Amino acid sequence: MITPIRKEGYELFQQGLLEFAQLEVNGIRIDLPLLESTKARLEKQIRTLHDELQEDKVWRLWRREFGDKAKLTSHRQLADILFHKLGFEAKSQTESGQDSADDEALQKIDHPFVQKLSRFYRYSKALGTFLKGIEREIAPDGRLHPSFLLHTARSFRSSSAEPNFQNFPVRDKEISEIIRSLVIASPKSVLVENDFKGIEVALSAAYHKDPNFISYITTPGKDMHRDMAAQIYLLKPKEVDKDIRYGAKNRFVFPQFYGDYYLSCAQALWEWIDKGKLLGPDGKSLFRHLKRQGITGLGACDPDESPEEGTFEAHLQEVENDFWNNRFRVYGKWKRTWYDLYMERGYFDLLTGFRVEGFYNRKQVCNYPIQGSAFHCLLWSLIRINRLLRKYSLRSKVVGQIHDSLLGDVRIREIRDYLEIVEQVTTVDLRKHYDWLIVPPEIEYEIAPPGKSWFAKREIVFKNGIFTHPTNPKKLTDDPIRFAEALRNI
DNA sequence: AAACAGTGCGCG
DNA sequence: AAAGCGCGCACTGTTT
């Protein structure tokens with residue numbers, strides 16, 4: 001049960017709904033000829049893979065087992081073939097205790113049929129969910145009009161449907177190119193994406209106010225992911241490279257913030273040494289370095305046994321303990337008292353003007369305020385940006401929203417005006433409005449060159465009306481048309 | 001035919 | 001004490 005406890009929360013959602021409706025009306029332009037050709041190409045690739053798979057002897061076994069009911073797309077059948085007929089060892093189970101045949105499991109099986117099947121599933125997902133979803137939902141104006149909703153997410157964020165615009169592929173570069181290349185700008189326009197930088201981290205700080213945490217975020221040169229990487233992999237901070245830092249950030253720090261625990265982190269971080277091809281200070285495998293530091297192996301990672309000394313899992317237990325009780329002890333204490341207060345009162349309040357009542361577990365109680373009000377910063381900004389776009393009669397439109405980012409379909413002549421509005425609202429007005437935002441919000445700028453798709457977006461730097469290259473501090477230009485031309489060369 | 005549970009996978 | 005949080009959508013296989 002969500003209730004706005006203050007007029008502010010009520011107005012945020014009421015006005016937010018109106019602006020979401022505006023986004024839905026604006027719609028996202030789709031490259032229709034490319035959609036048709038991409039679909040045909042992908043269908044052919046999938047057919048080929050399907051035919052090749054059906055020539056494999058594993059498929060003959062599969063047919064023998066399931067007869068006419070045999071289907072390459074049945075994970076239930078696949079699990080039976082892999083783990084009961086072919087004798088591969090199942091390494092993970094589903095929630096109901098069945099052997100899991102998801103991609104993580106498939107990647108652990110070194111077999112040509114299984115690896116081809118994994119590719120078949122990847123392409124099938126791109127076609128079935130995304131290409132067909134886009135095709136089905138395209139309106140007569142050649143645009144997608146996804147719905148953006150405020151009444152479905154339990155965490156007080158938004159959701160998107162018909163199609164879900166918030167899960168278009170981005171991490172898998174090959175699939176991302178297939179799908180995001182279809183999203184294009186209107187005539188005389190470019191696509192502009194603005195992401196809040198670390199807005200959930202900023203909200204987290206606003207709730208717990210941990211001084212060390214805040215110092216990490218606001219002090220130039222300080223870097224919590226680098227320091228955690230050093231502690232986790234027993235390195236000096238300056239020995240931490242990009243890949244090592246990436247692993248610490250995404251396999252320890254963020255999972256810990258959301259309530260993960262050392263055993264699952266230890267396994268993920270250990271696996272990353274191999275996957276990320278991590279190297280120690282001597283340029284040889286990081287495994288070797290850890291061994292020299294007295295870490296003999298990962299450990300059994302059995303939740304019922306306490307970790308054996310000298311294992312990576314034992315080390316991670318110490319790292320986790322230090323993380324919550326020393327490094328970020330104020331944050332750790334906030335988690336405990338925040339939950340205790342909820343248990344006592346039966347509700348918790350968000351900084352953005354909502355009261356949350358009902359049954360929630362410890363993690364939900366600690367995560368919802370952060371996730372929810374981080375999104376509310378985006379929502380508040382959207383309302384304000386749309387009003388200013390109308391006030392100045394600009395023809396540029398916001399066309400999509402993904403929790404902490406906005407997608408604009410921006411007239412080339414208006415690029416500078418649009419970005420100035422975004423900058424003013426997200427970094428100045430927002431901070432003034434939510435005075436509890438003790439970490440100043442920052443916004444990032446990505447633009448697709450004229451004539452290019454969403455996939456081709458490039459990061460640029462924009463400050464005080466001037467566009468610059470992200471690495472080369474040389475001023476690009478302050479003229480939007482010349483700037484748009486210059487974008488082609490970034 | 002429609003509804004449902006289970007599994008899997010895309011995103012922040 | 002338990003062991004990341006939040007969404008929407010496709011597909012299988014069963015039940016209504």
Side-chain angles (χ1 to χ4, degrees), chain A residues 66 69-80 92-106 118 121-134 136-137 146-172 175-176 178-180 193 195-201 203-204 250-268 301-304 313 316-317 320 335-336 339 360-372 374-375 378 400-406:
Chain A
F66 293 99
K69 292 209 160 61
K71 265 185 184 160
L72 279 175
T73 43
S74 167
H75 281 82
R76 212 181 289 184
Q77 293 178 8
L78 173 62
D80 190 61
S92 61
Q93 277 68 40
T94 67
E95 210 183 296
S96 74
Q98 301 298 307
D99 287 341
S100 193
D102 59 10
D103 196 61
E104 199 189 332
L106 301 192
S118 163
Y121 288 152
R122 248 177 87 230
Y123 287 131
S124 299
K125 176 78 176 168
L127 177 68
T129 300
F130 296 107
L131 284 184
K132 290 199 174 161
I134 289 170
R136 182 188 333 117
E137 302 295 346
S147 297
F148 293 101
L149 310 173
L150 282 175
H151 66 283
T152 55
R154 301 223 347 148
S155 55
F156 318 99
R157 301 215 295 199
S158 65
S159 68
S160 167
E162 297 180 301
N164 180 357
F165 171 72
Q166 296 177 325
N167 72 344
F168 279 22
V170 65
R171 298 171 198 170
D172 180 333
I175 304 296
S176 173
I178 291 171
I179 305 303
R180 293 194 175 213
E193 190 172 343
D195 275 59
F196 272 115
K197 195 178 170 198
I199 192 70
E200 286 203 5
V201 170
L203 260 294
S204 159
N250 295 308
R251 295 180 179 229
F252 183 81
V253 178
F254 281 121
Q256 284 287 330
F257 286 162
Y258 293 129
D260 208 351
Y261 81 131
Y262 75 95
L263 259 190
S264 103
C265 292
Q267 293 170 74
C301 292
D302 180 348
D304 302 325
E313 86 174 286
L316 256 291
Q317 191 177 31
E320 181 187 72
K335 281 196 176 200
R336 290 189 293 273
Y339 182 69
Y360 300 95
N361 65 34
R362 181 184 295 269
K363 280 170 199 157
Q364 292 171 316
V365 169
C366 293
N367 288 340
Y368 285 10
I370 295 169
Q371 281 191 351
F375 163 69
L378 190 276
Q401 161 277 130
I402 316 180
H403 308 303
D404 64 350
S405 80
L406 292 174

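Below, chains carry the letters A, B, ... as their sequence lines are ordered, and counting in each starts from 1. Because the structure is predicted, anything quoted here is derived from the model rather than measured. All values below come from the heavy atoms of this structure, side chains included, with hydrogens, waters and symmetry mates left out.
One atom, CZ of A:Phe165, and another, C1' of C:dC9, lie 16 Å apart when rounded to the nearest Å. Rounding to whole angstrom units, CG of residue A:Leu263 and C1' of C:dA1 are separated by 14 Å.
Judged by atom type and distance alone, A:Asp102 does not reach the base of B:dG8 through any side-chain donor-acceptor pair under 3.5 Å. Judged by distance alone with a 3.5 Å cut-off, no donor-acceptor contact links the side chain of A:Gln364 to the base of C:dC5. Interface remark: the A:Lys125 side chain does form a donor-acceptor pair with the B:dC9 base, using a distance-only criterion of under 3.5 Å. Counting atom types as modelled, A:Arg76 pairs no side-chain N or O with a base atom of B:dG8 as donor and acceptor under 3.5 Å.
Base-pairing analysis of DNA chain C finds the following stems of at least three consecutive Watson-Crick or G-U pairs, with both pairing distances under 3.5 Å: B:1-12 with C:5-16.
Of the candidate nucleotides B:dG12, C:dG8, C:dG13, C:dG8 has the atom lying nearest to any side-chain atom of A:Ser159. Comparing B:dG8, C:dG4, B:dG12 by their nearest atom to the side chain of A:Ser264 picks out C:dG4.
Between A:Asn367 and A:Arg362, the residue anchored nearer the 5' end of DNA chain C, judged by the nucleotide with its closest heavy atom, is A:Arg362.
If you take CD on A:Glu193 and OG on A:Ser405, they are separated by 4.5 Å, rounding to the nearest 0.5 Å.
Using a 30° and 60° split on the angle between ring planes, A:Tyr258 and A:Phe254 fall in the parallel class, below 30°.
Side-chain nitrogen and oxygen atoms of A:Arg122 include none within less than 4.0 Å of the OP1 or OP2 phosphate oxygen of B:dG10.
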Verdict with reasoning, A:Tyr121 to A:Leu106, per side chain to side chain contact (heavy atoms under 4.5 Å, CB included): CA-CA 11 Å; A:Tyr121 288 152; A:Leu106 301 192; 4.1 Å; yes
